[in-house]
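The next block holds one structure in the form of structure tokens; read it before the comments.
Chain A is the first sequence line, chain B the second, and so forth, proteins listed ahead of strands; every chain is numbered from 1.
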Amino acid sequence: MKKQGFISYAIAALVLVSLAVSLVGTATVFEATRHVSESGNNKIEVSQAPLPLTKDAEVGLIVRQGGERQ
Amino acid sequence: MTNEYWNTLSVLIIAALAVSISATALSIGRVSSIDLITGMATSTPSGKANVTVPSKTYISLPIDMVNFGELDVGLSNDTTDDSPLPFTLRNDGTVNVNVTIGATDLFTGTGGGNPSTYYQYKSEEYEVGSVINTTTDLITTFINMPTTGSPEMVVSRLRFPNAYDSIKVHLNVTVPLDEAAGEKTSTVTFTATQA
């Protein structure tokens, strides 16, 4: 009878330990979630101003030899 | 095993389940109060999505070559009669832009280096409404072409919607009297920045 009682209390102790672990895990996850969320509030703002853009074009002509001078 | 043991064990298990369920409910309640967590079902059927279109500066030159052909010394030609066609400058970005212009020298004759009256530019709307104010945002009369190193405004607040996002950049050239015969070229550089 004593042995059976010991087993019962051992099972109960295991249940309580499991419960404690579960609570600690839940608290840890919650704290990590809160930390991530707060990090989101403090995100670094990057300037959206775009860089200047450059494009090239060409102009051409031919100066005639012996053309009239005005 | 007596009934007392079983009763004690049952109470402990039920208590553990009750605490676990309560803690889970509490966690979900607290987590759902944080706005930044997305993807969680809510009690309301509506949702909100934020989309940010990035500012993008982009211009293109549908016509990027102006060839005046053969010219005698002392003679002038310009693009206002569309012969040859002027440059066309288009805003392909997502913001209004200011654009500057600068160019390498076209002539080597006396006084032919930029800026000079031998090589000039001005701007004009290609599509009506492409700028906000045609008087202040365009160069409406020919002015001397600046150097590449000291560019000057060719258009301000060039708009980006496709229906009105283009201008013409006209050129006016006069061959200096002492210009040597031969082929002359100049590279014109347009630089766009967000307005």
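B/D72 CG to A/I62 CD1: the interatomic distance, rounded to the nearest 0.5 Å, is 12.0 Å. Distance check, rounded to the nearest 0.5 Å: CG of B/L75 to CZ of A/R64 gives 8.0 Å. Put simply, OG1 on B/T185 and CG on A/L61 are 9.0 Å apart, with the number rounded to the nearest 0.5 Å.
Using a 4.5 Å cut-off between heavy atoms, B/L71 touches chain A through backbone and side chain atoms alike. Contacts between B/I59 and chain A at a heavy-atom distance below 4.5 Å involve backbone atoms as well as side-chain atoms. For B/Y58, the parts lying under 4.5 angstrom from a heavy atom of chain A are both the backbone and the side chain. Residue B/A103: no heavy atom, backbone or side chain, is found under 4.5 Å from chain A. No part of B/V169 comes within reach of chain A, as not one of its non-hydrogen atoms sits under 4.5 angstrom from that chain.
B/M145 is connected to B/I143 through a chain of hydrophobic side-chain contacts under 4.5 Å among Ile, Leu, Val, Met, Phe, Trp and Tyr, so both are in one cluster. Residues B/F160 and B/V154 are members of separate hydrophobic clusters, defined by side-chain heavy-atom contacts under 4.5 angstrom among Ile, Leu, Val, Met, Phe, Trp and Tyr. Both B/V73 and B/F107 belong to a single network of hydrophobic side chains, linked directly or stepwise wherever heavy atoms of I, L, V, M, F, W or Y lie under 4.5 Å apart. Residues B/V99 and B/Y126 fall into different hydrophobic clusters, defined by Ile, Leu, Val, Met, Phe, Trp and Tyr side chains chained together at heavy-atom separations under 4.5 Å. There is no path of hydrophobic side-chain contacts, each under 4.5 Å, that joins B/M65 to B/L106.
Options B/V188, B/N77, B/T191 differ in how many heavy-atom pairs under 4.5 Å they form with chain A, and the most are formed by B/V188. Interface summary for chain B: among A/L16, A/L19, A/V59, A/L23, the most heavy-atom pairs under 4.5 angstrom belong to A/V59.
Within 6.0 Å of CZ on B/F68 lie more than 12 heavy atoms contributed by other residues, nucleotides or ligands.
A/A57 and B/L61 make their closest contact through CB-CD1, 3.9 Å (heavy atoms, listed as atom of the first residue, atom of the second, distance).
Using modelled atom types and a 3.5 Å distance limit, the side chains of B/T187 and A/E58 yield a donor-acceptor pair.
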